[in-house]
Asks: 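I am attaching a structure below and will ask some questions about it afterwards.
Chain A is the first sequence line, chain B the second, and so forth, proteins listed ahead of strands; every chain is numbered from 1. Everything quoted here is computed from the prediction, not taken from an experiment.
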Amino acid sequence: MKRRTFLKGTLAASVTGAAVGGGLLAPNMAFASEAADAYAATSMEDALKALGITTEDSDKVEVIAPDLAENSAVVPVEVKTTLEGAEEIHVFISNNPTVYAAKFKLGEGIDPAVKCRYKVGKTGDVIAVVKAGDKYYMGKKAVKVTKGGCGG
Amino acid sequence: MAKFKTRLKAKMKGDKVNIKAIVSHPMETGRRKDKKTGEKIPTHYINEVVVTANDKVLLTADWSGTISKNPYLSFNYAGKSGDKVKLNWKDNQGNTGEAEKTVK
């Protein structure tokens, strides 16, 4: 049963991959606003440029994700930071057709740690960018996605 | 209405309140094809989630199709028993959903 869901996951992922070349991104790009551009970006650099931010690496931003994704369509990821005054958390999946995955704006009293599940199409990095003060800090974790193999 | 089910849990965990939420939603990226007809399945994903406690915003999430199907969200906040936690979401096709819980 497990194998079956796994296959389903990889199949969905490969369809995602194949469609990129087909120019299916176009509908997303019709949006003019800045944020929409970031969501349509196909590389990490473009996404950051669209958001107009520059980042610096920090070991205070922690991405907790499995080393090996058993089901690439459902990869649990937790982003955590020990930075003071974290305001926003941005999540990027480096090798997805659209890299920008999510943005979390943190309100008052919330712990700067958010758990969510993402689709990770190909082996790559899960990147978290945390805004604290006027600066953006980056942390990442490599996630391996296998095709047709057992998780091991 | 009942197409999308929003489930919310708010529980004390130590001195923090733990929030867990799951929405039943397809989260289509727009790149998948229908296997039978070969037609593209249009994008359909939740793009905004707002969680409030006693009408104060705790978390605003902007999502894309990269979030997994039946999205799950979990976080802690400094709160107390009796807080009214509310979750609202909307997707790119204009559907909305909400759930409300009182912290135990």
Side-chain angles (χ1 to χ4, degrees), chain A residues 8-9 11-22 24-28 31 35-36 38-41 47 71-80 88-93 96-121 126, chain B residues 13-23 25-35 38-80 83 85-86 92 103:
Chain A
K8 235 186 188 168
L11 195 71
S14 57
V15 170
T16 311
V20 195
L24 299 177
L25 285 170
N28 281 345
F31 293 104
Y39 282 113
N71 180 353
S72 64
V74 184
V75 180
V77 175
E78 179 176 8
V79 177
K80 232 181 181 176
E88 288 174 7
I89 296 176
H90 303 258
V91 182
F92 305 86
I93 316 286
N96 268 14
T98 52
V99 292
Y100 194 24
K103 173 184 158 187
F104 299 97
K105 225 185 245 167
L106 306 176
E108 216 177 293
I110 184 172
D111 282 4
V114 181
K115 275 187 213 165
C116 209
R117 290 171 186 158
Y118 302 87
K119 294 168 191 155
V120 180
V126 175
Chain B
K13 203 178 175 186
D15 56 348
K16 301 272 169 103
V17 178
N18 178 245
I19 309 279
K20 277 184 188 151
I22 287 189
V23 185
H25 198 283
M27 300 299 277
E28 290 293 347
T29 57
R31 292 192 190 82
R32 235 152 53 88
K33 276 182 183 166
D34 190 311
K35 278 196 192 107
E39 274 174 38
K40 250 195 298 159
I41 300 168
T43 52
H44 189 194
Y45 56 84
I46 295 175
N47 49 16
E48 199 185 309
V49 183
V50 180
V51 187
T52 60
N54 295 335
D55 295 324
K56 261 167 108 184
V57 177
L58 283 178
L59 181 78
T60 315
D62 294 339
W63 283 353
S64 67
T66 311
I67 304 290
S68 298
K69 185 176 160 186
N70 299 336
Y72 163 87
L73 178 70
S74 170
F75 63 89
N76 293 335
Y77 82 96
K80 55 185 189 310
D83 280 1
V85 177
K86 232 182 184 174
N92 67 330
V103 179

Asks: Please report the closest heavy-atom contact between A:K119 and B:G65, naming both atoms and the distance.
Replies: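 Reported closest heavy-atom pair: NZ-O, 2.8 Å.
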Asks: Would you check if A:V114 and B:L73 make a side-chain contact, meaning some heavy-atom pair closer than 4.5 Å?
Replies: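 Contact flag for A:V114/B:L73 side chains = yes.
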Asks: In chain order, what residues pass the side-chain contact (heavy atoms from CB on, under 4.5 Å) check against A:K103, with sequence neighbours excluded?
Replies: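 For A:K103 the side-chain contact (heavy atoms from CB on, under 4.5 Å) partners, ignoring immediate neighbours, are A:Y39, A:E88, A:H90, A:Y100, A:K105, B:D62.
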Asks: Mind checking whether B:T60 and A:F104 have side chains closer than 4.5 Å, heavy atoms only?
Replies: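 The answer is no, as the side chains (C-beta and beyond) never meet within the 4.5 Å cut-off.
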Asks: Between B:K20 and chain A, which part of the residue has a heavy atom less than 4.5 Å away: side chain, backbone, both or neither?
Replies: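 Neither part, no heavy atoms under 4.5 Å.
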Asks: Look at B:M27, B:K69, B:K16 and state which one has the largest set of heavy-atom pairs under 4.5 Å with chain A.
Replies: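 When all of B:M27, B:K69, B:K16 are compared, B:K16 has the most.
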Asks: Given heavy-atom pairs under 4.5 angstrom as the criterion, report whether the side chain, backbone, both or neither of A:V75 touches chain B.
Replies: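 Looking at A:V75, just its backbone touches chain B.
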Asks: Which of residues 46-58 of chain B have a heavy atom under 4.5 Å from any heavy atom of chain A?
Replies: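 At a heavy-atom separation under 4.5 Å, chain A is reached by B:K56, B:V57, B:L58.
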Asks: Does any heavy atom of chain B fall under 4.5 Å from the side chain of A:I93, the backbone, both, or neither of them?
Replies: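 For A:I93, the side chain is the part near chain B, not the backbone.
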Asks: Heavy-atom pairs under 4.5 Å with chain A - which of B:G79, B:A21, B:P71, B:A78 has more of them than the others?
Replies: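 Looking at each of B:G79, B:A21, B:P71, B:A78 in turn, B:A78 comes out on top.
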Asks: Show, in sequence, the C-alpha distance, side-chain angles and deciding distance for A:I110 and B:N76, and conclude whether the side chain to side chain contact (heavy atoms under 4.5 Å, CB included) test is met.
Replies: CA-CA 6 Å; A:I110 184 172; B:N76 293 335; over 6 Å; no
Asks: Out of curiosity, A:R117 CZ to B:S68 OG, how far, rounded to the nearest 0.5 Å?
Replies: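 So the CZ of A:R117 and the OG of B:S68 are separated by 7.5 Å.
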Asks: Give the minimum heavy-atom separation between B:S64 and A:A101, together with the two atoms involved.
Replies: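 In terms of heavy atoms, the two residues are closest at OG-O, 2.8 Å.
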Asks: Would you give the length of the straight line joining atom CG of A:D111 to atom CD1 of B:I19, rounded to the nearest 0.5 angstrom?
Replies: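 Between atom CG of A:D111 and atom CD1 of B:I19 there are 11.0 Å.
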Asks: Minimum heavy-atom separation for A:A113 and B:F75, please, with both atom names.
Replies: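 Closest pair (atom of A:A113, atom of B:F75, distance): O-CB, 3.5 Å.
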Asks: Give me the atom names and distance for the closest heavy-atom approach of A:C116 to B:I67.
Replies: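 Result for this residue pair: SG-CD1, 4.1 Å.
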